[in-house]
Amino acid sequence: MRRKSDLSNSTAGVHDVTPDGQLPTSTTESVALRSAVAEEQAFLDLATARRDRLTDRLQAELSSEALDALEQARQRMLRQQHDELVRAGEGLVFGRLDGLDGTVRHVGRVGLRDDAEGSEPLLVDWRAPAARPFYTATAVDPQGQARRRHIRTTGSTVVGVDDEPLDGTITAELVGEGALLAALDQRRTGHMSTAISTLQREQDDIIRAEATGPLIVQGGPGTGKTVVALHRVAYLLFTHRKMAEQAVLVLGPSPRFLQYIAQVLPALGETAVVSATCDTLLNDVHVGRDESRLLAEIKGRALWQPALENYVASLLPRARELKLRWEGEFYLIPAATVAQALASAVQGRPYHRARAAFAEQLHHLLADVVAEQREALINEMEEGFEDILARVDRSMGHDHHSTRTSTGSDIDGLLSDEETEQLRRRIAENATIARFIEAWWPTLDPATLLGDLLTDRTLLARFAPQLSPEEITAVATEPAPWAASDIPLLDALADLLGEVDAPQPPGEFVADRARRQRGWVYGHVVIDEAQELSEMQWHMVLRRCPSRSITAVGDIDQAEAAHRHASWAEAVRAVLGDRWTAAELTICYRTPREVMDLTGPVLKAAGSQNAPPRAVRSSGVAPWELTVTPAELAGAAVEAVRQLQQRWHGGTVGVIAPADRIAELLAVVSDVPVLTATQSKGLEWDATLLIDPQGIAAEPRGWNGLYVALTRCTQELGQLILTR
Ligand SMILES: Nc1ncnc2c1ncn2[C@@H]1O[C@H](COP(=O)(O)OP(=O)(O)OP(=O)(O)O)[C@@H](O)[C@H]1O
């Protein structure tokens, strides 16, 4: 029998094969189990055969000669369906719901229909509404279900089933406890895996929540925030097909973290996703240096948004009389007319877009002025000519009006509409006019502009008057390459300036197109470790998702960034106001109780009023400490890593140390990651070796960092304490 969780008072049927792969024999339970496993094996075989047939059919369609004729969108859809079916091989079927009315529904990685058209689905997709009771039905609210069954498989073999009656005989806080604990106990591979078969009620509620506005999910370490965020993406893309056309942006804290989660969404069949960190969102800008916490905090403040808006507005040309040369003649556009055109061109448009709108108006204005002057000139010439004619006529005794026939624009000087349009077009294509506009309203680039602003104290004082003289000096004396806090400022400027008419090449996949275009508007944005975002980084997110369909997950108690806020309300007030919804995750799935017990005092020392989340399980391994001198540290670390690797063979080990010890440790420990507390955010290993915890606590926001570091292991925690 499997170990029970610390939260459970359930006696749900948990059935398993013995370690040698045999079913237990002789008890009544084993007979029932054998029959349940055999039944589910038969269903799995049926579903697998159906999946194989569908995969083959799609493969044939995709590789047939008819492929060329298939329009691109259909091709993409078929390919996606095909890939999703191929990936669904492992864990195809993982659940079953037996309704009070006798209906049986199997839940799986993808939806499958029977061959007969219009028949009930053979397998219900985990994201479909019909699968919901699998995650949320309880004895109190059974949602029409009599029993929930978790089916555990290895490859194409059913190895166990866990049954939960929903008739009130059992009250369990966890859903599918046996399967959940089995998943949590597994050795870690260094890559996050999907959790569709064991999602818990509070997680499912968030995954399926409305996506119409910002949703902020607070959860302590290991409560499944990342799990929820990624499964929510898969759910939303499945449920709102339109979202897939716009793609979803997933923002994580570090490239290492993105690597760690990289396999989850493809495994769930989702490709319309772009993942990035705030530092890598701009394709052509790279962070070139670390920066002080002081500067990171100053430049993360929301004040920069209006400061940059005013800065760019100050660069717009001022209205004045414009003197334009056209075909050897000078023409004047009066200042009042220019002012009017300028005002209508600017209204809410980015700088370069406003220029394009103004240029279009100017072409019209110039064409009109040229046409008017030409008309006036011809009229003048005509009047002079008529005087002469009249004199000649009089001397000859003729009435000149009766002898002249005047038709068409050539005679009265008026240009037809078509001629005026031709003239406008020639003006619009004229290089001299284009040069004139460029000189008066120059093309600007964000990097030069930001460089100019940040190094000029006068400009800083003018546009960011909230900064103190000391803060202005700190900003103005920063060295050259861009730091992380410059990225949101560059992004804000790029947005205020707008593109200079560069058409983007089409791409096959929506994610490729989205990745290439800075101004891409995403259908949804997911932010992990959102507590680390500065106000300016939040602005960066909103720019990419004006609909505010955003899910932000994080733990305010793990915040280490310089701009750390004490609450979510404080963290997002400047950007979201109070227009956001809160949700909470309360159970820790990762870290065993033995380790979580150590975190209370650390959290308190970090200044938090909160309690750590409740651990769902114990690992049975007591955390240990070893005190060493600085001279012994390297050797002790090597030995501790060796022992942990041996104990957790086939799993993973990670080392976390103060920033100033990393280089020394990397010189001796080479085959496991050696990271600072900040770098370890979001990651986990079977065993963690913490080096010099006091050293970590002494770093800026060090107690928060230590809280992060302590909670990275799934099984064992070892600490090397330094004598000082
Ligand atoms: N319902 C679940 N079923 C199986 N495993 C789960 C479930 N929920 C969480 N886990 C596992 O628990 C661990 C922690 O989850 P996750 O990384 O999402 O937590 P987190 O809240 O983002 O943690 P942190 O903030 O500390 O980085 C992971 O190994 C994850 O796979």
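Whatever order the structure lists them in is the order used to number ligands and atoms, beginning at 1. The model shown is predicted, which means the values in this text are computed figures rather than measured ones.
Considering backbone and side-chain atoms alike, Met192 places every N or O at 3.5 Å or more from each N or O of ligand 1. Taking any N or O of Leu683, backbone or side chain, none lies under 3.5 Å from an N or O belonging to ligand 1. Taking distance alone, with nitrogen or oxygen atoms compared against 3.5 Å, Tyr260 stays at or beyond that limit from ligand 1. By the 3.5 Å distance cut-off applied to N or O atoms, Asp528 is not counted among the residues near ligand 1. On a distance-only criterion, Thr711 and ligand 1 share no N/O pair closer than 3.5 Å.
Counting only heavy atoms of the protein, atom 13 (C) of ligand 1 lies nearest to Glu684 OE1, 3.3 Å. Counting only heavy atoms of the protein, atom 22 (O) of ligand 1 lies nearest to Thr226 OG1, 2.9 Å. For atom 3 (N) of ligand 1, the closest non-hydrogen atom on the protein side is Thr198 OG1, 2.7 Å. Closest to atom 8 (N) of ligand 1 among all protein heavy atoms lies Gln203 NE2, 3.0 Å. Of the protein's non-hydrogen atoms, Lys225 NZ, 2.7 Å is the one closest to atom 21 (O) of ligand 1. At the shortest separation from atom 12 (O) of ligand 1 among protein heavy atoms lies Tyr589 CB, 3.6 Å. Among protein heavy atoms, atom 26 (O) of ligand 1 sits closest to Arg712 NH2, 2.6 Å. Considering only non-hydrogen protein atoms, atom 11 (C) of ligand 1 sits nearest to Leu184 CD2, 3.8 Å.
Listed by chain and residue number, Phe43 satisfy the ring pair (Phe, Tyr, Trp, His ring centres under 6.0 Å) test with His106 (two or more places apart in sequence, or in another chain).
With hydrogens and angles left out, the side-chain atoms of Trp568 and Gln218 include a donor and acceptor closer than 3.5 Å. Side-chain polar atoms of Asp557 and Ser608 form a donor-acceptor pair below 3.5 angstrom. Judged by distance alone, the side chains of Thr551 and His524 do bring a donor and an acceptor atom under 3.5 Å apart. A side-chain donor-acceptor contact under 3.5 Å links Gln531 and Glu529. Counted by atom type alone, Trp624 and Gln719 present zero donor-acceptor pairs between their side chains at under 3.5 Å.
By the criterion of a heavy-atom distance under 4.0 Å, the side chain of Leu180, and not its backbone, is placed next to ligand 1.
Side-chain N or O atoms of Arg617 include one that pairs as donor or acceptor with a backbone N or O of Arg590 at under 3.5 Å.
A side-chain hydrogen bond (donor to acceptor under 3.5 Å, both in side chains) check over residues 252-265, counting only residues at least two apart or in different chains, returns the pairs Tyr260-Glu684.
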